[in-house]
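Convention: sequence-line order gives letters A, B, ...; per-chain numbering from 1. Computed from a predicted structure; not experimentally measured.
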Amino acid sequence: MPTDEQEKKTSLNFIEAKVVEDLAEGKNGGRLQTRFPPEPNGYLHIGHAKAICLDFGLAARYGGTCNLRFDDTNPTKEDLEYVDAIKEDIRWLGFQWGHEYYASDYFPQLWDFAVRLIKEGKAYVDEQSSEEIAAQKGTPTRPGVESPYRNRPVEESLALFTKMNSGEVEEGKMVLRAKIDMANPNMHFRDPIIYRVVKTPHHRTGNRWYAYPMYDFAHGQSDFFEGVTHSWCTLEFVVHRPLYDYFIDELKEGKDLDDNRPRQTEFNKLNLNYTLLSKRNLLILVKEGVVNDWDDPRMPTLCGFRRRGYTPSSIRKFVDKIGYTTYDALNDFALLESAVREDLNATATRVSAVVRPIKLTITNYPEGKVEEMECVNNPEDPEAGTHRIAFSCDLWIEADDFMEEAPKKYYRMTPGQEVRLKNAYIVKCTGCRKDEQGNVVEVMAEYDPETRSGLPGADRKVKGTIHWLSRNHCLSAEVRLYDRLWQVENPRDSMAKIIEEQGCETINAMRQLLNPQSLEVCHSYVETYLSEAKPLEHFQFQRIGYFCVDPDSTPGHLVFNRTVTLKDSWAKVNK
RNA sequence: UGCCCAAUGGUGUAAUGGUAGCACUACGGUUUUUGGUGCCGUCUGCGUAGGUUCGAAUCCUGCUUGGGCAACCA
């Protein structure tokens with residue numbers, strides 16, 4: 001279980017503090033049991049990572065267990081494809097569940113419980129339309145009115161409930177409702193629907209059931225059946241908690257109500273600026289082809305971050321830093337970036353890549369001569385070793401690293417100025433050659449043979465160091481430069497505003513907010529050391545950023561994704 | 001005009017009645033064969049009005065602002 005990002009804490013968040021307190025008091029027989037309860041209706045995103053780190057992380061830290069439970073009570077939205085992807089992503093994040101459960105495993109028990117409630121006069125079958133039921137529900141400021149079916153005989157409800165599950169009742173014709181209180185200020189207590197008819201086959205139980213429990217009648221009960229002690233979820237479920245407790249009190253038949261039961265505690269879900277986190281909207285992006293798939297590196301899904309080059313530990317570290325509170329925060333994406341930079345800085349092998357190439361010719365270097373230069377793999381890690389790179393008179397350098405007329409603080413290649421070629425020689429720029437349109441097509445320089453790296457002559461102070469590649473000793477590669485998908489800080493709110501003002505479809509609102517520069521594909525060059533690079537391997541392209549080998553990459557066609565740029569103080573000066 | 005929850009630098013998060021701290025960001029400086037990293041430093045904060053107390057970010061009340069709740073979704 002990952003512990004690398006769990007730095008010594010001077011204080012615990014309110015959820016962990018409660019765990020410590022409960023354990024100290026010997027609650028639940030001293031057990032700690034949690035669960036991660038995804039609905040298999042989409043891919044996991046970084047918001048889920050926040051829940052995963054809590055559910056699995058605290059269980060592990062305090063000797064408890066965390067089970068995986070798929071909340072699969074709505075077959076119209078759920079699919080096996082999502083079940084498999086969710087499991088893969090949890091493992092990738094670095095966690096292992098105890099049991100793999102499904103809410104659908106409890107359908108028989110839930111059914112029996114519902115029957116019991118009917119027999120006790122605490123539930124009834126309502127035959128009104130959803131519109132009628134909604135109208136009778138009242139509003140937050142006005143109490144609801146009771147359904148005409150509310151006090152029908154128990155036997156009648158029992159018979160109809162059985163019928164609901166037989167396949168002969170059409171969807172929407174009947175529901176089972178808990179009989180609680182139509183005037184309760186908590187809307188969820190106004191005779192909530194606990195079972196409805198769904199005819200779509202279920203991905204696990206097929207056509208065995210036609211009556212399916214609603215969330216409020218499945219989630220807490222599943223927790224109870226499994227022996228969950230701490231049930232953590234996000235803030236929007238605060239208003240559900242009284243109902244959660246109500247049904248568990250019923251299951252416990254009024255006995256031992258204060259102990260040996262699951263308790264729900266809510267925390268703030270993750271909001272990230274310049275990021276949209278809602279499975280419904282992410283699904284639209286995929287279906288409309290705005291992105292290439294759920295694992296498009298611009299997606300905030302875990303598989304998207306993986307393909308982008310984020311490491312599991314960087315995501316865990318980020319989650320650890322943002323904390324858990326009851327305040328609805330908007331977190332800065334820069335914090336996530338700092339986490340991945342911190343991680344990759346320590347681990348990624350440094351290589352040379354010229355993303356936007358321009359020719360550099362060393363005019364006084366013997367033609368045909370080739371020298372092998374030594375490169376440190378990672379200056380942060382002496383154990384990482386070295387590798388070799390070929391040097392010659394015909395080079396590529398970054399187009400950005402030459403300016404014919406440069407400002408004073410420009411330390412790179414400009415006529416008359418010395419610059420160090422990383423791991424090779426100090427060279428002096430002598431000029432450039434342009435095409436008919438005036439574009440620079442080649443830069444010329446002379447090298448100083450005494451300044452080869454490692455020789456005493458190399459100790460000379462030179463302001464700038466640039467990277468390079470030998471044109472006859474490098475590989476071409478496709479480099480995908482990713483940037484944020486959204487131009488606005490809070491796409492969720494901006495979308496809502498556009499939809500309200502223009503009355504347009506979600507996808508149209510989205511298109512107005514997308515960053516047109518979220519992906520730039522470059523025809524670049526990388527050093528031959530990368531010929532064997534494997535998918536998902538991380539590298540630092542020196543002076544540029546961290547990159548990850550895309551799964552599409554093959555030895556004949558290398559593809560790299562930019563995970564994140566290096567911090568660039570020149571870019572700031574240059575603005 | 002109901003019920004519930006919240007509010008600490010630009011962002012996020014600590015301090016649990018006793019010196020408002022940390023991280024990110026921003027901006028300086030320093031080191032550096034990555035304008036990276038490291039190191040040092042600077043700026044900016046308890047929503048508001050009362051009350052309790054020797055003492056309040058913390059407890060109480062009002063106000064303000066924000067969020068959630070009226071799916072046969074979870």
Side-chain angles (χ1 to χ4, degrees), chain A residues 9-13 17 37-39 41 71-74 76-78 103 126 129-130 133-135 137-144 171-177 184-188 190 193-198 212 214-216 218-219 233-242 266 268 273 279-280 318 321-339 341-342 345-346 350 352 376 379-380 409-412 420-424 426 451 453-454 458-467 540-545 565-574:
Chain A
K9 295 245 174 124
T10 52
S11 65
L12 305 177
N13 67 55
E39 184 189 12
N41 68 342
D71 247 334
D72 56 347
T73 57
N74 185 358
T76 61
K77 292 188 174 172
E78 295 152 7
D126 196 331
S129 69
S130 62
I133 291 173
K137 201 143 197 173
T139 69
T141 52
R142 252 204 319 272
E171 291 184 11
K173 294 295 179 197
M174 288 181 201
V175 291
L176 184 69
R177 291 229 253 169
N184 200 292
N186 183 338
M187 299 293 290
H188 297 276
R190 323 250 261 225
I193 293 169
I194 57 177
Y195 261 90
R196 80 293 210 188
V197 175
V198 179
Y212 287 88
M214 300 282 291
Y215 169 83
D216 283 315
H219 192 89
C233 62
T234 48
L235 252 21
E236 67 267 30
F237 291 99
V238 168
V239 284
H240 292 251
R241 194 193 325 135
E266 310 84 9
N268 60 344
N273 61 5
K279 279 197 271 187
R280 203 184 118 254
F318 166 72
K321 283 181 178 180
I322 59 175
Y324 298 85
T325 69
T326 54
Y327 171 73
D328 187 30
L330 179 60
N331 290 279
D332 198 338
F333 202 95
L335 189 60
L336 214 204
E337 292 185 331
S338 83
R341 284 195 188 106
E342 186 183 323
N345 177 53
R350 272 61 170 172
S352 292
V376 171
E380 306 294 316
K409 288 203 160 178
Y410 188 79
Y411 303 144
R412 308 177 189 180
R420 188 188 301 275
L421 297 182
K422 177 85 181 169
N423 300 129
I426 294 171
T451 60
S453 292
D459 292 342
R460 199 190 323 154
K461 281 269 182 251
V462 179
K463 275 274 191 183
T465 299
I466 66 172
H467 61 279
Q540 186 197 92
F541 287 2
Q542 262 177 140
R543 302 208 306 131
I544 300 176
T565 61
L566 252 33
K567 279 213 235 166
D568 187 353
S569 49
W570 166 246
K572 284 174 191 164
V573 171
N574 204 18

Legend entry - Proximity to the side chain of A:Lys567 - top-ranked nucleotide from B:rC73, B:rU34, B:rU37: B:rU37

Legend entry - A:Arg460 atom CZ: more than 12 heavy-atom contacts under 6.0 Å: yes

Legend entry - Touch class at under 4.0 angstrom, heavy-atom based, for A:Val238 against every strand present: sugar-phosphate

Legend entry - No-hydrogen, no-angle side-chain donor-acceptor test under 3.5 Å, A:Asn423 and A:Ser453: no

Legend entry - C1' gap between B:rG10 and B:rU25, integer Å: 7 Å

Legend entry - Spacing of the P atoms in B:rU58 and B:rG47 (rounded, Å): 8 Å

Inset, instruction - Using the C1' atom as the reference point in each nucleotide, state the distance between B:rC24 and B:rU44 in Å, no decimals. - result: 14 Å

Legend entry - d(NZ, A:Lys321; C1', B:rU13) in whole Å: 12 Å

Inset, instruction - Measure from the side-chain heavy atoms of A:Pro185 and tell me the nearest of B:rC72, B:rG36, B:rG2. - result: B:rG2

Inset, instruction - Report which part of the nucleic acid A:Phe237 touches: base, sugar-phosphate, or nothing (heavy-atom distance under 4.0 Å, all strands). - result: base

Inset, instruction - Specify the separation, in whole Å, of atom CG of A:Asp328 and atom P of B:rG12. - result: 10 Å

Legend entry - Nearest-neighbour nucleotide for the A:Trp570 side chain, B:rG12, B:rC69, B:rG35 considered: B:rG35

Inset, instruction - Would you tell me if any nitrogen or oxygen in the side chain of A:Lys279 comes within less than 4.0 Å of OP1 or OP2 on B:rC73? - result: no

Inset, instruction - Taking atom P in both B:rA7 and B:rA15, compute the distance separating them and give it to the nearest angstrom. - result: 12 Å

Legend entry - Rounded distance in Å between the C1' positions of B:rG12 and B:rA26: 16 Å

Inset, instruction - Would you mind telling me which of B:rC72, B:rG35, B:rU11 lies closest to the side-chain atoms of A:Asp332? - result: B:rU11

Inset, instruction - In whole angstrom, give me the gap between the P atoms of B:rU37 and B:rG29. - result: 16 Å

Legend entry - Options B:rC72, B:rG36, B:rC24, nucleotide nearest the side-chain atoms of A:Ser338: B:rC24

Inset, instruction - Establish whether the base of B:rG35 is bridged to the side chain of A:Arg412 by a donor-acceptor pair shorter than 3.5 Å. - result: yes

Inset, instruction - Could you check whether A:Tyr327 and the base of B:rA7 form a stacked pair, meaning centres closer than 5.5 Å and planes differing by less than 30°? - result: no

Legend entry - Comparing A:Asn74 and A:Val462 on RNA chain B - which has the more 5′ nearest nucleotide: A:Val462

Legend entry - Flag if over 12 foreign heavy atoms under 6.0 Å of NZ, A:Lys173: no

Inset, instruction - Using the P atom as the reference point in each nucleotide, state the distance between B:rA56 and B:rG17 in Å, no decimals. - result: 14 Å

Legend entry - Proximal nucleotide (of B:rA74, B:rU33, B:rC5) relative to the A:Lys461 side chain: B:rU33

Inset, instruction - Can you figure out which of B:rU13, B:rG68, B:rA26 approaches the side chain of A:Lys572 most closely? - result: B:rA26

Inset, instruction - Measure from the side chain of A:Asn13, starting at C-beta and using heavy atoms only, and say which of B:rG35, B:rC72, B:rA14 lies closest. - result: B:rA14

Inset, instruction - Write down the distance between NZ (A:Lys422) and P (B:rU32), rounded to a whole number of angstrom. - result: 13 Å

Inset, instruction - Using atom CG of A:Leu235 as one end and atom P of B:rC4 as the other, report the distance to the nearest whole Å. - result: 15 Å

Legend entry - Separation of atom CG in A:Leu330 from atom C1' in B:rU25, rounded to whole Å: 14 Å

Inset, instruction - Would you classify A:Leu335 as touching base, sugar-phosphate or nothing, given that sugar-phosphate means primed atoms plus P, OP1 and OP2, and contacts are heavy atoms under 4.0 Å? - result: sugar-phosphate

Legend entry - Rounded interatomic separation in angstrom, taking CD from A:Glu342 and P from B:rG38: 8 Å

Inset, instruction - Using a 4.0 Å heavy-atom cut-off across all strands, classify A:Thr139 as base, sugar-phosphate, or nothing. - result: base

Inset, instruction - Would you indicate which nucleotide in B:rU8, B:rU34, B:rG35 comes nearest to any side-chain atom of A:Lys409? - result: B:rG35

Legend entry - Base B:rG68 paired with A:Glu266 side chain (donor-acceptor, <3.5 Å): no

Legend entry - Which nucleotide in B:rC72, B:rC24, B:rA74 has an atom nearest any side-chain atom of A:His240: B:rA74

Legend entry - Separation between the P atoms of B:rC43 and B:rA14, rounded to whole Å: 25 Å

Inset, instruction - Return no unless some side-chain N or O of A:Arg190 is found under 4.0 Å from OP1 or OP2 of B:rA70. - result: no

Legend entry - Side-chain touch A:Lys321/A:Ser338, heavy atoms, less than 4.5 angstrom: yes

Inset, instruction - Side-chain contact test, heavy atoms from C-beta onward, threshold under 4.5 Å: evaluate it for A:Tyr215 versus A:Glu39 and give yes or no. - result: no

